[in-house]
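Here is the structure we will look at.
Along the sequence shown, residues are numbered consecutively beginning with 1. Here the structure is a predicted model, which means the values were calculated and not measured.
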Amino acid sequence: MAAEKVMMKGNEALAEAALRAGCRFYSGYPITPQTEILEYLSWRMEEVGGEFVQTESELAGVNMLYGAASAGARVLTSSAGPGFALKQEGISYLCAADLPAVLIDVMRIGNGLGDIAQGQGDYWQLTRGGGNGDYRTIVLAPNSVQESADLIGDAFDLADKYLHPVIIASDAAIGQMMEAVCFKEMKEDNIDKFDWSVKGCKPGDKQRIISNVCFYGHPDYEDYLWNKYKTMEENEQRWESIQTEDAEIILVAYGISSRVAKEAVRNGRRQGLKLGLIRPITLWPYPVRAFERLSKNFKGFISVEMNILGQMVDDIKLATDSRYPIEFYGTFFDVPESEKIIEIAKEMLER
């Protein structure tokens, strides 16, 4: 029998799917446009026997994950904009201690305080990291309510696989929209699945210690760290390609921008323009393999983003060794327009 579809807001779908993936600990602080995640879990987490903590700050929200993850639980926090910026030190600590955790950033516009409207201005922070030291995080970017529900389950599995934080890069448009969604069956995670997790000790038992300075005394820490990130890059690239086989211009977009870009491909093709779309699903590791096969008549890329500076453009350049022209179409407050994308594509082809 097919799974039942329900209408649900993107943020609430993230919360429900996290519970069904076995998440039993949430700590976080309210901030628009992600507060529905916290609100939903404030009552729903109790129903599944988990722990919900509305913390006094974003700093407390991320650092509580350190303790709960050390005990072996599947843990979650969420924020947006300036709140997510406050979590950066805690993320670097989770990375340093090899602790699995999932974090959600429902992006909004602007730096500093910014504003509560939809945006994609956290790309650099998400893909480069705002904390100290050598670390990266796997970043998954859904473009629908259904994919939000699907990817958060994958995020917990990836966090456990690599013993590492994983980030869901949503945005205010995806988080606030309502769409039909199917959920997976409820999963109970085994908190004792890791042999390293902290447990109570009986007399004579060996103590288990979670250390944030694991490189001290680690015989091959440099090789270990290099290989960990290299393995992620080789194995976890995800993307969607749409009509790229014969495309002369390829749009590159993620999240809500990719939905507009897909419309531009469809409408442009009707006008005789050979447009295609590469939609990164992993913002890191960036899906460089998606750019390997281009048509012999390929002319260039258009990066479509909801920010002003073109934060993803450098990754497109790196993925293609800067061999092709790259135009940037960015918006502020408003979602990109498919007509404008087609206009830029026509100008590129004329040149």
Side-chain angles (χ1 to χ4, degrees), residues 3-21 28 30-42 44 76 78-81 83-84 102-110 114-123 126 139-155 167-184 238 240 242 251-267 277 279-283 304-307 312 329-341:
E4 180 183 1
K5 286 188 176 182
V6 296
M7 287 293 293
M8 188 171 282
K9 185 177 284 193
N11 284 337
E12 294 178 343
L14 281 168
E16 178 64 28
L19 298 179
R20 292 178 182 241
I31 180 174
T32 304
Q34 66 80 46
T35 301
E36 291 87 357
I37 298 172
L38 180 143
E39 290 176 338
Y40 189 89
L41 291 174
S42 68
R44 185 76 173 99
L76 175 69
S78 60
S79 195
F84 200 80
V102 175
L103 304 94
I104 301 171
D105 180 16
V106 184
M107 289 182 280
R108 55 195 244 181
I109 66 165
D115 202 289
I116 63 174
Q118 67 266 2
Q120 293 176 324
D122 294 350
Y123 184 91
L126 294 170
V139 183
L140 303 171
N143 80 339
S144 67
V145 175
Q146 182 63 63
E147 197 169 49
S148 295
D150 294 338
L151 288 182
I152 197 163
D154 293 347
I167 297 174
I168 298 289
S170 183
D171 56 61
I174 300 295
Q176 294 296 320
M177 69 169 52
M178 293 190 72
E179 292 182 322
V181 57
C182 290
F183 292 105
K184 295 179 181 178
R238 301 187 187 192
E240 179 186 15
I242 297 174
L251 317 178
V252 187
Y254 66 93
I256 190 63
S257 297
S258 70
R259 295 173 67 141
V260 179
K262 186 175 181 179
E263 179 185 71
V265 170
R266 183 172 60 248
N267 292 343
L277 169 64
R279 176 173 75 93
I281 298 174
T282 49
L283 304 187
V304 184
E305 308 175 49
M306 281 194 296
N307 58 60
M312 188 170 57
Y329 169 38
T331 60
F332 203 67
F333 278 106
D334 299 319
V335 173
E337 297 179 355
S338 60
E339 294 83 359
K340 179 64 175 179
I341 297 172

Open item on the list: Apply side-chain contact (heavy atoms from CB on, under 4.5 Å) to residues Tyr123 and Met107 and explain how you reach the verdict.
Closed with: CA-CA 9 Å; Tyr123 184 91; Met107 289 182 280; 5.7 Å; no

Open item on the list: With side-chain contact (heavy atoms from CB on, under 4.5 Å) as the criterion, how do Cys182 and Gln146 come out once you've worked through the C-alpha distance, each side chain's angles and the decisive distance to 0.1 Å?
Closed with: CA-CA 7 Å; Cys182 290; Gln146 182 63 63; 3.9 Å; yes

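Atom CD in Glu147 sits 10.5 Å away from atom OG in Ser170 (nearest 0.5 Å). Between atom CG of residue Asp115 and atom OG1 of residue Thr32 there is a gap of 10.0 Å, rounded to the nearest 0.5 Å. The structure places CG of Leu140 at 9.5 Å from CD1 of Ile167, a figure rounded to the nearest 0.5 Å. Put simply, CD1 on Ile281 and CG on Leu283 are 10.0 Å apart, with the number rounded to the nearest 0.5 Å. Once rounded to the nearest 0.5 Å, the distance linking OG of Ser148 with CG of Asn11 reads 8.0 Å. Atom CZ of residue Phe84 and atom CG of residue Leu103 lie 5.0 Å apart, to the nearest 0.5 angstrom.
Summarising the geometry of Lys5 relative to Ala180, their closest heavy-atom pair is CD-CB, 4.1 Å, with the distance given to 0.1 Å. Smallest separation of non-hydrogen atoms from Asp105 and Gly81: OD1-N, 3.8 Å. Across Gly119 and Asp171, no two heavy atoms sit closer than the pair O-CB, 3.6 Å. Ile31 and Gly83 make their closest contact through CD1-N, 3.8 Å (heavy atoms, listed as atom of the first residue, atom of the second, distance). Contact detail for Ala141 and Leu151: the closest heavy-atom pair is C-CD1, 4.0 Å. Looking at every heavy atom in both residues, Val181 comes nearest to Ala149 through CG2-CB, 3.8 Å.
In this structure Tyr254 satisfies the side chain to side chain donor-acceptor pair (under 3.5 Å) test with no other residue, sequence neighbours excluded. For the salt bridge (charged side-chain N to carboxylate O under 4.0 Å, His left out) test, residues two or more places apart in sequence or in another chain that qualify with Glu240 are Arg279. Scanning for side-chain contact (heavy atoms from CB on, under 4.5 Å) contacts around Ala264 gives Leu251, Ser338, Ile341, Ile342, with sequence neighbours left out. For Met178, the side-chain contact (heavy atoms from CB on, under 4.5 Å) partners two or more places apart in sequence, or in a different chain, are Met7, Lys9. Residues satisfying the side chain to side chain donor-acceptor pair (under 3.5 Å) criterion with Ser257, sequence neighbours excluded, are Gln120. Residues passing the side chain to side chain donor-acceptor pair (under 3.5 Å) test with Ser258, sequence neighbours excluded: Asn143.
Between Leu41 and Leu76, the closest side-chain pair of non-hydrogen atoms falls below 4.5 Å. Taking 4.5 Å as the limit, every side-chain heavy atom of Thr282 sits out of range of all side-chain heavy atoms of Val139. Between Lys262 and Ile242 the shortest side-chain heavy-atom distance falls below 4.5 Å. Using a 4.5 Å heavy-atom threshold, the side chains of Arg259 and Ile174 count as touching. Contact of the Thr331 side chain with the Glu337 side chain is not registered, since no non-hydrogen atoms from C-beta on lie closer than 4.5 Å. Side-chain atoms of Met306 and Val335, non-hydrogen and from C-beta on, do get closer than 4.5 Å to each other. Side-chain contact between Glu12 and Ile37: absent, with no pair of heavy atoms (C-beta onward) separated by less than 4.5 Å. Residues Lys340 and Tyr329 form a side-chain contact, since some pair of their non-hydrogen atoms from C-beta on lies under 4.5 Å apart.
No side-chain donor-acceptor contact under 3.5 Å links Arg108 to the backbone of Ala172. Between the side chain of Glu179 and the backbone N or O of Val145 there is at least one donor-acceptor pair closer than 3.5 Å. Between the side chain of Gln34 and the backbone N or O of Ile104, no donor-acceptor pair lies under 3.5 Å.
Gln118 and Gln176 share no side-chain donor-acceptor pair at under 3.5 Å. A side-chain donor-acceptor contact under 3.5 Å links Glu16 and Tyr40.
A salt bridge links Asp154 with Arg238: the distance from a Lys NZ or Arg NE/NH1/NH2 to an Asp or Glu carboxylate oxygen falls below 4.0 Å.
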